[in-house]
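Report on the following structure.
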Amino acid sequence: FFFATNLVNEMAGGDTQDINTLFEFNVSEPEKKERSGKLDLGYWTYHVYTKTTLETFSQKELVCVRRYSDFVWLREQLVETFAGVIVPPIPEKSVKGTMEKLAMINANTLLEYRQRALRKFLVRVGAHPILCTSDLLREFLELSEEEFNKRKTLPKKPSSVPLGQKFKELSFSVTKSFSKEQPPVRSMATSSASDGQEATERPVLGRQWEETKTYIDQLERSLSLLKERIELLVKRRRETSASLLEFGKSFVKVGEIESSYEDGSLPKALIDVGHHSEHLSIVYQEQAENETIQVIETISYYVGLTQAVRDVIKRIQKMVLTHDTIDDSLTKMQEKKSKFQGKEEDQRRLELEINNATERKREAAKEVMEAESTLTEEMKRFHREKQYDIKQMLKAFVDLQQEYAGKMKTSWEA
């Protein structure tokens with residue numbers, strides 16, 4: 001269960017193009033592939049079904065077969081190509097942290113979880129105003145298995161359009177804000193190229209991004225704690241389900257033994273209570289499964305998303321460090337030039353090095369400011385989507401409590 005479709009519909013407002021109409025995704029039909037070597041572990045592949053209205057695709061309905069590592073490659077390439085963009089997370093390869101903590105989970109349930117999580121990743125990428133039009137996504141969805149494996153060995157393609165410019169060009173409704181204000185996000189840079197100034201000023205990692213990182217760290221800890229508590233609740237429901245099942249079987253057994261000695265109301269009552277307990281076992285199991293899908297998986301997604309935000313901030317920090325390293329080197333060369341007394345040829349060489357360093361510094365500053373501008377817009381999206389998803393999750397949780405409390409009440413009354 002995922003709230004992306006409703007999120008986009010609500011944010012659209014019906015007045016502009018709805019980005020949700022660009023893609024429909026389905027990840028299904030898992031198939032285990034065995035390797036030829038005796039010691040080689042097998043792997044799972046998934047069929048990815050796509051419907052799209054984007055003109056950049058050669059077909060409007062696509063089917064491809066991908067394995068988990070292909071999704072990992074796609075995400076890594078998106079992260080590397082689009083600096084400043086918060087790329088949606090994918091489920092961890094080892095699901096112990098999310099699912100195997102919960103007792104009595106079978107292999108099919110784990111596969112279903114993986115399919116939902118991979119689809120969730122594609123839905124969010126397809127709903128992103130920058131990522132949805134990337135060649136990386138198009139190749140992931142269009143190429144055959146053989147073609148895609150070859151593609152993965154090629155060097156990454158650079159982004160042809162600056163991200164800051166692309167954010168302005170893409171006016172999809174998904175980027176519209178809710179009427180309520182979101183927490184302010186400020187830029188690290190002291191200026192931007194869009195202000196008409198040369199991107200040569202020294203970008204400094206400001207307190208504003210440190211405050212954002214602190215907020216993200218606190219949010220992740222809080223969500224992780226909440227996830228642990230709900231996982232414990234779900235685990236207890238599963239344990240209660242198993243206990244009720246055994247409890248019911250025991251009552252039925254006693255009732256059957258009693259019925260062999262008498263044909264009165266007691267044996268029937270014992271058997272009825274036993275069957276009722278078995279039915280309640282199913283109710284508890286269903287509730288646990290629905291809480292896992294509608295609550296735990298949403299929280300797990302946002303725990304992963306907070307890590308993605310942190311990674312973007314770290315990348316910008318590295319970009320700032322690169323700029324500062326170039327700046328320090330340039331300063332030393334300029335000092336050397338002011339005191340230079342050598343040959344004219346050496347002086348020309350030094351001036352050329354200074355010009356090259358000045359250009360590298362300008363490009364580095366421009367990259368930092370574009371990444372900051374992108375991240376500023378991304379954080380607005382993050383807060384909008386988080387607000388909507390968490391509200392929907394809370395509503396789903398309350399509805400589940402009411403629904404299953406009603407089912408249990410009806411079951412006992414019957």
Side-chain angles (χ1 to χ4, degrees), residues 1-7 25-30 44 46 91-92 95-121 123 223-253 255 269-304 388-414:
F1 184 86
F2 192 53
F3 308 109
T5 299
N6 289 336
L7 167 67
F25 294 106
N26 183 32
V27 179
S28 59
E29 301 174 34
W44 289 89
Y46 306 89
E92 60 274 21
V95 295
K96 290 182 179 180
T98 300
M99 299 291 287
E100 291 179 350
K101 285 182 180 179
L102 309 179
M104 295 158 283
I105 297 289
N106 58 41
N108 288 335
T109 301
L110 293 175
L111 281 174
E112 290 169 1
Y113 161 70
R114 173 67 62 79
Q115 291 171 78
R116 288 192 301 271
L118 292 176
R119 176 186 176 273
K120 182 183 296 186
F121 165 73
V123 167
L223 288 174
S224 297
L225 181 60
L226 176 61
K227 178 169 164 281
E228 289 179 5
R229 296 295 184 264
I230 297 180
E231 283 177 340
L232 182 59
L233 174 65
V234 170
K235 180 180 179 181
R236 287 175 177 171
R237 292 202 200 285
R238 296 186 187 279
E239 291 172 345
T240 302
S241 172
S243 298
L244 282 169
L245 180 61
E246 296 305 317
F247 180 74
K249 290 178 180 179
S250 298
F251 260 97
V252 170
K253 186 66 175 178
L270 289 169
I271 293 173
D272 286 345
V273 170
H275 289 321
H276 174 68
S277 296
E278 292 174 357
H279 172 70
L280 284 179
S281 171
I282 297 173
V283 173
Y284 270 97
Q285 181 70 16
E286 288 179 354
Q287 183 175 4
E289 290 173 357
N290 282 307
E291 286 173 340
T292 297
I293 295 171
Q294 299 190 40
V295 180
I296 292 178
E297 290 182 14
T298 299
I299 298 174
S300 297
Y301 173 81
Y302 273 95
V303 170
Y388 183 82
D389 282 346
I390 297 301
K391 282 183 178 179
Q392 290 295 98
M393 182 198 72
L394 292 174
K395 183 178 182 302
F397 182 75
V398 172
D399 289 345
L400 285 173
Q401 309 316 304
Q402 294 177 335
E403 176 185 354
Y404 283 95
K407 285 186 176 182
M408 292 176 192
K409 180 176 181 294
T410 300
S411 179
W412 278 113
E413 290 174 347

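If you're wondering where the values come from, they're calculated on a predicted model, not measured in any experiment.
Between L280 and W412 the shortest side-chain heavy-atom distance falls below 4.5 Å. At a threshold of 4.5 Å between non-hydrogen side-chain atoms, the residues Y113 and P91 count as touching.
Contacts of F247 classified as ring-ring contact (aromatic ring centres under 6.0 Å, His included), with partners at least two apart in sequence or in another chain: F251. In this structure, F121 has no ring-ring contact (aromatic ring centres under 6.0 Å, His included) partners at least two apart in sequence or on a different chain. Under the side chain to side chain donor-acceptor pair (under 3.5 Å) criterion, S411 pairs with H276, not counting sequence neighbours. Not a single side chain to side chain donor-acceptor pair (under 3.5 Å) links Y284 to another residue, sequence neighbours left out. E278 is linked by a side-chain contact (heavy atoms from CB on, under 4.5 Å) to L245, K249, V252, H275, counting only residues two or more places apart in sequence or in another chain. For the side chain to side chain donor-acceptor pair (under 3.5 Å) test, residues two or more places apart in sequence or in another chain that qualify with E291 are R237, Q287, Q401. The side-chain contact (heavy atoms from CB on, under 4.5 Å) search around S243 returns none, not counting sequence neighbours. When the side chain to side chain donor-acceptor pair (under 3.5 Å) test is applied to K395, the partners found at least two apart in sequence or on another chain are D399. The side-chain contact (heavy atoms from CB on, under 4.5 Å) test applied to D272 returns K268, not counting sequence neighbours. A search for salt bridge (Lys or Arg N to Asp or Glu O under 4.0 Å) contacts involving E286 returns K407, not counting sequence neighbours.
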Run the side-chain hydrogen bond (donor to acceptor under 3.5 Å, both in side chains) test on D389 and Y301 for me, step by step, so that the C-alpha distance in whole Å, both residues' side-chain angles and the decisive distance to 0.1 Å come before the verdict.
CA-CA 10 Å; D389 282 346; Y301 173 81; over 6 Å; no

Test side chain to side chain contact (heavy atoms under 4.5 Å, CB included) on R116 and E297 and set out the steps.
CA-CA 9 Å; R116 288 192 301 271; E297 290 182 14; 2.4 Å; yes

Walk me through it: do E413 and K409 pass the test salt bridge (Lys or Arg N to Asp or Glu O under 4.0 Å)?
CA-CA 6 Å; E413 290 174 347; K409 180 176 181 294; 2.4 Å; yes

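S281 contributes no side-chain N or O that, together with a main-chain N or O of S277, makes up a donor-acceptor pair within less than 3.5 Å. Although no hydrogens or angles enter the test, the distance criterion places a donor-acceptor pair under 3.5 Å between the side chain of Q115 and the main chain of L111.
Taken to the nearest 0.5 Å, the CD1 atom of I296 stands 11.5 Å off from the CG atom of N290. Here the CD-CD distance, from Q392 to Q294, works out to 10.5 Å after rounding to the nearest 0.5 Å.
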